[in-house]
Amino acid sequence: MKSFVLLVMREIRLAWTGGGLWLPVIFYLAVATLYPFVTGPDKMLLARTGGGILWIAALLSTLLPIERLILPDRQAGILDQLAIRGWTDELVATVKITGQLVAFAVPLLLASIIASALIGLPEAKLLTLLLGLAVALPALAGLSVTISALTAGLNGASALGGLLLIPLAIPILIFGAGTLSDNPGNAMQLLAATSLAIAALSPFAAGAALRAGRV
């Protein structure tokens, strides 16, 4: 357990110091800043559509650190060392997902408060947005690590990762945007169920991808 925590702390430290954290957050805030320039100063329109834009920005921001999650450790031989010490690929994937979740969740939720203010999202919608993102983040972290494992070392990994991530994340996006409706209960339940299923399956999918990449 101590080794697991130490490895998760290493993932968080790498995310915070290697640019894998701040770049997605800056991208997320940049979208919130630019969107009002596109739609104009219509506050009603911004309040009605801004939440959906923030969900899209949150999804796309998870793509940005994909090349940093698996490839550097594979090239440095760290994944091989963990395998020699008896760490299963599924457990290594769980470490990566947990580290990505912890490192990315709090900054993104804090950035969402600023982004909501920039767009003029009502306070009630802000609370729903924060709750929905908190529910969806385990699934997004699982998907990003899985796709990072699948594309590690491939040419054009970022573009390929986007092509893989976006279709898989569509249910998250649909249910997440649905939580911003006037009756968010059903959408929140579906979002939670989808996020739980993806988060539960991701360590096995990412572990299989790590094994395939080692062959």
Side-chain angles (χ1 to χ4, degrees), residues 3-25 27-28 57-83 85 87-109 133-154 156-173 176 191 194-215:
S3 298
F4 182 88
V5 173
L6 290 175
L7 285 174
V8 170
M9 293 299 295
R10 173 181 175 273
E11 294 297 322
I12 296 172
R13 184 176 67 255
L14 289 176
W16 283 48
T17 59
L21 168 66
W22 300 115
L23 188 59
V25 171
F27 171 82
Y28 184 70
L59 170 62
L60 295 179
S61 66
T62 63
L63 287 171
L64 298 180
I66 277 180
E67 288 188 347
R68 303 169 184 265
L69 295 178
I70 299 296
L71 184 59
D73 283 353
R74 175 171 290 172
Q75 291 176 331
I78 293 176
L79 298 181
D80 293 331
Q81 292 179 28
L82 291 173
R85 294 181 182 183
W87 284 68
T88 64
D89 293 311
E90 287 75 13
L91 188 55
V92 173
T94 303
V95 168
K96 293 282 184 182
I97 292 170
T98 306
Q100 172 69 1
L101 172 62
V102 175
F104 191 53
V106 174
L108 183 69
L109 293 177
L133 287 175
V135 170
L137 279 170
L140 294 178
L143 286 175
S144 61
V145 171
T146 300
I147 292 172
S148 179
L150 286 170
T151 60
L154 299 178
S158 294
L160 183 58
L163 293 175
L164 292 172
L165 175 64
I166 291 175
L168 293 174
I170 283 178
I172 295 290
L173 187 62
L191 177 64
T194 305
S195 180
L196 179 62
I198 293 176
L201 294 174
S202 292
F204 300 100
L210 291 175
R211 266 193 303 279
R214 191 179 296 114
V215 175

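Just so you know, these numbers use all the heavy atoms, side chains as well, and skip hydrogens, waters and symmetry mates.
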Gap separating the CG atom of L196 from the CG atom of L191, nearest 0.5 angstrom | 11.0 Å
CZ/F4: more than 12 non-hydrogen atoms of other groups inside 6.0 Å = yes
Rounded distance [0.5 Å steps], OG1 in T194 versus CG in L173 | 12.0 Å
Residues pairing under salt bridge (Lys or Arg N to Asp or Glu O under 4.0 Å) where one sits in residues 141-153, two or more places apart or in two chains, turn out to be none
Taking all atoms of both residues into account, what is the closest heavy-atom pair of A93 and A206, and its distance?
-> CB-CB, 3.6 Å
Give the C-alpha distance, both sets of side-chain angles, the deciding distance and a yes or no for side chain to side chain contact (heavy atoms under 4.5 Å, CB included) between I172 and L59.
-> CA-CA 9 Å; I172 295 290; L59 170 62; over 6 Å; no
Find out whether F104 and S61 are in side-chain contact, i.e. whether some heavy atom of one side chain is under 4.5 Å from a heavy atom of the other.
-> yes
Would L7 and L82 satisfy side chain to side chain contact (heavy atoms under 4.5 Å, CB included), going step by step from the backbone distance to the final call?
-> CA-CA 11 Å; L7 285 174; L82 291 173; 4.0 Å; yes
Distance col, row L69:CG vs E11:CD, nearest 0.5 angstrom, shows 7.5 Å
Residues passing the side chain to side chain contact (heavy atoms under 4.5 Å, CB included) test with A105, sequence neighbours excluded, are L101, L137
Contacts of V5 that satisfy side chain to side chain contact (heavy atoms under 4.5 Å, CB included) - sequence neighbours left out | M1, M9
How long is the gap from OG on S148 to CD1 on I97, to the nearest 0.5 Å?
-> 10.5 Å
Got a sec, which residues hit side chain to side chain contact (heavy atoms under 4.5 Å, CB included) with P107, two or more places apart in sequence or on another chain?
-> W16, L21, V25
Separation between CG (L140) and OG (S195), nearest 0.5 Å, reads 7.5 Å
Measure across I70 and A149 and return the closest heavy-atom pair with its distance rounded to 0.1 Å.
-> CG1-N, 3.7 Å
Tell me, do R68 and Q100 make a side-chain contact under 4.5 Å, heavy atoms counted?
-> no
From W87 CH2 over to L210 CG, what is the distance, rounded to the nearest 0.5 angstrom?
-> 13.0 Å
Which atoms form the tightest heavy-atom contact between P203 and A199, and what is the distance?
-> CD-O, 3.2 Å
Taking all non-hydrogen atoms of both residues into account, name the closest pair between T62 and A58 and its distance.
-> CG2-O, 3.2 Å
Please list, chain by chain and in numerical order, all residues satisfying side chain to side chain donor-acceptor pair (under 3.5 Å) with R10, sequence neighbours excluded.
-> D73
Contacts of L150 meeting side chain to side chain contact (heavy atoms under 4.5 Å, CB included) (sequence neighbours excluded), chain-then-number -> T146, A209
